[in-house]
Amino acid sequence: MRKFTEIVSEGFIWGVGITRPAPGQEKRAALYITTTLFGSILAVIALFLLLLHTL
């Protein structure tokens with residue numbers, strides 16, 4: 001079974017169409033993509049909750 005970060009990274013590469021990372025940099029790229037993706041999702045949720053609170 002592949003690691004969760006590798007699955008997310010591979011899905012993001014295929015879904016968005018970004019360039020595949022250089023050989024030897026796959027793990028670093030997978031961690032970066034996963035962190036950025038979840039950070040973006042958390043930011044959207046935080047903004048939504050802030051808007052709900054202010055309205």
Side-chain angles (χ1 to χ4, degrees):
M1 175 96 181
R2 294 167 52 164
K3 289 185 179 180
F4 179 72
T5 56
E6 292 174 5
I7 294 170
V8 170
S9 176
E10 192 66 29
F12 195 78
I13 289 170
W14 279 95
V16 178
I18 63 171
T19 304
R20 191 166 293 285
Q25 297 293 320
E26 292 91 357
K27 288 183 181 182
R28 185 176 185 189
L31 183 61
Y32 178 77
I33 290 169
T34 304
T35 303
T36 304
L37 185 62
F38 282 121
S40 300
I41 291 170
L42 288 176
V44 168
I45 291 170
L47 182 61
F48 178 74
L49 291 175
L50 179 67
L51 287 173
L52 278 179
H53 179 70
T54 57
L55 296 176

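Each residue takes its place number in the sequence, starting with 1. These numbers come from the heavy atoms of this one structure, side chains and all, not from hydrogens, waters or symmetry mates.
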Which pairs pass side-chain hydrogen bond (donor to acceptor under 3.5 Å, both in side chains) with one or both residues in residues 11-22, sequence neighbours excluded?
Glu10-Trp14, Glu10-Arg20
Could you see if Leu37 belongs to whatever hydrophobic cluster contains Ile13? Use Ile, Leu, Val, Met, Phe, Trp, Tyr and a side-chain cutoff under 4.5 Å.
yes
With Ile33, which of Val16, Ile18, Thr5 fulfils side chain to side chain contact (heavy atoms under 4.5 Å, CB included)?
Ile18
Which pairs count as salt bridge (charged side-chain N to carboxylate O under 4.0 Å, His left out) when at least one residue sits in residues 23-50, sequence neighbours excluded?
none
Residues which pass side chain to side chain contact (heavy atoms under 4.5 Å, CB included) with Ile45, listed by chain and number, not counting sequence neighbours:
Ile41, Leu49
